[in-house]
Amino acid sequence: MDFEKTLKDTVIKAIKDLYSVEADPAKVTVQKTRKDFVGDFTIVAFSLLAYSKKVPVDTAKELGEYLQENLSIVSDYNVVNGFLNISIDKEQWHKFLKQIFDNANFAFKAKNDKSPKVVVEYSSPNTNKPLHLGHIRNNLLGWSISEILKASGKEVNKVNLVNDRGIHICKSMLAWKELAEGKTPEDENMKGDHFVGKYYVLFNDEYKKQVQELIAEGKTKEEAEKEAPWLVKAQKMLRSWERNSRKIRQLWTQMNEWVYAGFDETYKKLGIDFDKTYYESETYLDGKRRVLKGLTEGDLSQRDDGTVLIDLEEYGMDEKVLLRADGTSVYITQDIGTAIMRYDDFKFDESIYVVGNEQDYHFKVLSIILDKLEYPWSNRLTHLSYGMVELPEGKMKSREGTVVDADDLIEEMINTARKTSEELGKLSDFTKEEAEKVYEIIALGALKFYILKVDARKNITFNPQESIDFNGNTGPFVQYTYARIRSLVRKAGTEQNIDISGNYEDITVDDKEKELIKIMYSYPSVIEEAAKLRTPSIIANYVFDLAKNFNKYYHEIPILKEEDKNIKLFRLKLSNQVSLVVKSAMGLLGIDVPERM
RNA sequence: GGUCCAGUAGCUCAGCUGGAUAGAGCAACAGCCUUCUAAGCUGUGGGUCCCAGGUUCGAAUCCUGGCUGGAUCACCA
C-alpha cells in the first residue's frame, strides 16, 4: 500500500491521457499536505505546466478530476493556487491500520541472501582512560545506525577496534609500576578503567614536573620535553613491548584486562554491543607487512633513513609516512591492516567508520592508499563523520579537567530520574529493585534521546541541566506516552475484561485518528530516510512527533470511558498500535520503554 | 594560507533531493487535575532563516562572493 507511488504513477498516466506527452517522473512531486490545508497529499502543478500548456490552477484542476475519476482511493481534491491537494478515502487509511495491527515491525525490511553486507565500526577506545561524553555519542550513533540499517534490510556486523598499544598505554603502565606498589582496582575499590586512567593522569603530572625541573636546570623547553626521565622510560617500555618482553607484556595484559572489565560495565549500562572486536595489537603487524609488500612491489617509496612513505601527489595530496625510520608503524598503518583483515572476514559491500569529523582527512587518505594498493573495495569505505560534543562553556579538554566522564554522567542521570520520580510519587508501590530499573530506563532514555535527536553531522552542545530535563522534546516524554498507553491496555484487560486482540466493526475513523494512522503510515519511509542519510535524529524526531500527537489524542478523546464498546475497542487497538511503533522506533535508538513510570 | 563542515526565535534544535503563511522543545506569561498517569494538554508573545548578489513562476533550501565559528593540513592516535 503505497499511496504516494500510486498517485505519482497515475499523474504520469493522466498527463499522457490528457496532454499526450510522456512526463518526466522527476517533475512529478507528491508531498504531504501542509497542516493548514485540507488533504493528505499535495501534487505541485507548477512543474507540469510544460506538459499541460495551461495555467497552474487549470492544470491542477484537470489532474485532480482525473485522479478522482480513475483512482478509488481518492475521495476528494481541492486546488489552491498551483497546489493540488488530494484527500485519500478514510476507509483506505483504516484499511492500512488493519493491516499493521499487532505487527510491531511492519516497517522493517527483512534481510535475504542478496542483502548488502555492511560493517559498522564504532567506539574504538584507547585503553589508557575511561570513556567520556564523546565516546557516548560515538557509541550511541554507531549502535543506532547499525540497528537502522538492519531495519532497512541490510546485513550488519558491528565491530569495535580497540586501540590497545602505543606510547599512551605505556605511560599509564609506567606510572602504575612506579607508584602503585602493586595495588589493583579491587584494592582501591575502583572500576578498572578509572583505575588505569588515574595512573595516566599521574604520569602526566609527574612528567610535567620533570620537564619543569629540567628547564630550571637550564634546558630548553624542547630538550626538557624530550629528555624527561619518565618519557624516556615510557619509550623504552614501548620498544620492550614491541620486542615481546615477557614482563612488559604481562603488565600490559594485566592493565588492559582491568580496563576491559571497566569498559564492559559501561557498554552494558549503555546497552552497546559488538559482533566482533579487533585489537590494534593484533592488526598493526598485518598493516606493517602489507606496507613492506607494497614497497617491494614498487607502490611505495623509501627514504635513505629507512622511512617508508606513499606519494599521493596524483591525488592532489602530499606524501604520507607509513613506517618510521626505526620500522615502527604509525596510526594509519594499523588501519590499513585492519581494513584488509576486515574485508577478508566479511567481504563487505560497505564498511562504515563511525569516527569524529576531526579525522576526515585521515579517512580520505586511508581510502586513497587502499586504492593505490589496488584493493577494488577501497571505495566501499565510508566515514560517518560526526560532530564534536561541546559544553556550554566550550570544548571538553582533558588537561583542564572539563571532560565529562561517561560513568559519572549516567550515575547523575539516574539520580535525577530517581529524585523526579519520587517527587511525583509515581512508583510508590514498586519494590526498590523494580523502581531502580525504571529509573535507569528513564535516565538512559533521556541521555540517549538528547544526544541522538541532533543530526549526527552537527556539533552538539551538551548542556547538563537541559539533558536532565524530562519534559518536552525528550526521551522520557516519549517513554511516558508509551507507559500511558500500556496503562490503558492493562486496565482494559483487568477492569473491563476487554480482549484487544478481538475485532470491531462498522467504524468511521475521525480526523484525529486519521492523523495518527498517517504518522504510522510514514514510519517505513522514515526508516528508509534515516538509513540513507545515516542519522538516527530522523527517527528521534519522528517518534517525538508521534508521541506528541498521541498525547493530544489522549487528552481530547475518551478511550476507556467511551461508552460504545465497538468504538472503545477500536481506540484501544489504535492506541496499542501507537505504542508498538513507539517501542519499535525507540528500539532503533537503543532506548528501552517502561510499562509504567 | 589551502581544504572540509556549520551559521534558522533569548537558548537547544527540526525543516535543506527548490514549493503554500519558516516549525518544535526549553525559558517567559495566562489557563486546564473529584474524569483513562499533569513526566501531560491548551493558549500568548518571540524571526533581516549571517550578509550581498545570481538562477527560478517560486530560495531558509541551489550557485558565486564575503563575514563569523569549528575541524584539519604530524614520523600523535
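In the text below, chain A, chain B and the rest are named by the order of the sequence lines, each starting its count at 1. Side-chain atoms are counted along with the backbone in the values below, which use heavy atoms only and exclude waters and symmetry mates.
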Let me check something: any side-chain donor-acceptor pairs from residues 475-485 of chain A under 3.5 Å, sequence neighbours excluded? List them with distances.
| residue | atom | partner | partner atom | Å |
| --- | --- | --- | --- | --- |
| Gln479(A) | NE2 | Ile441(A) | O | 3.1 |
| Gln479(A) | NE2 | Asp592(A) | O | 2.9 |
| Thr481(A) | OG1 | Phe477(A) | O | 2.9 |
| Thr481(A) | OG1 | Asn551(A) | ND2 | 3.3 |
| Tyr482(A) | OH | Glu595(A) | OE2 | 3.1 |
| Arg484(A) | NH1 | Asn551(A) | OD1 | 2.9 |

- Only pairs at least two apart or in different chains count here, so list each salt bridge (charged side-chain N to carboxylate O under 4.0 Å, His left out) that has a residue in residues 304-318 of chain A.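 Matches after skipping sequence neighbours: Glu314(A)-Lys372(A).
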Which residues share a salt bridge (Lys or Arg N to Asp or Glu O under 4.0 Å) with [X], sequence neighbours left out:
X         : answer
Lys518(A) : Asp40(A)
Asp455(A) : Arg457(A)
Glu423(A) : none

Between protein and nucleic acid, restricted to nucleotides 21-23 of chain B and to nitrogen or oxygen atoms under 3.5 Å apart, what atom pairs and distances do you find?
| residue | atom | partner | partner atom | Å |
| --- | --- | --- | --- | --- |
| rG23(B) | OP1 | Arg34(A) | NH2 | 2.9 |

- Any residue meeting side chain to side chain contact (heavy atoms under 4.5 Å, CB included) with Phe37(A), in chain and number order, not counting sequence neighbours: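 By the side chain to side chain contact (heavy atoms under 4.5 Å, CB included) rule, Phe37(A) matches Thr33(A), Arg34(A), Val80(A), Asn85(A).
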What pairs of nitrogen or oxygen atoms, one from the protein and one from nucleotides 28-33 of chain B, lie under 3.5 Å apart?
none

- Task: Could you pull out all residues at least two apart from Tyr386(A) that satisfy ring pair (Phe, Tyr, Trp, His ring centres under 6.0 Å)?
- Result: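 Tyr386(A) satisfies ring pair (Phe, Tyr, Trp, His ring centres under 6.0 Å) with no residue once adjacent residues are dropped.
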- Message: Checking Tyr77(A) now: which residues fulfil ring pair (Phe, Tyr, Trp, His ring centres under 6.0 Å) with it, not counting sequence neighbours?
- Response: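 With sequence neighbours excluded, Tyr77(A) shows a ring pair (Phe, Tyr, Trp, His ring centres under 6.0 Å) to no residue whatsoever.
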Using nucleotides 6-13 of chain B, report all nitrogen or oxygen pairs with the protein that are shorter than 3.5 Å.
| residue | atom | partner | partner atom | Å |
| --- | --- | --- | --- | --- |
| rG7(B) | OP1 | Lys458(A) | NZ | 3.3 |
| rC13(B) | OP1 | Thr461(A) | N | 2.9 |

Polar pairs (N or O, both sides) under 3.5 Å between protein and nucleotides 57-63 of chain B?
none

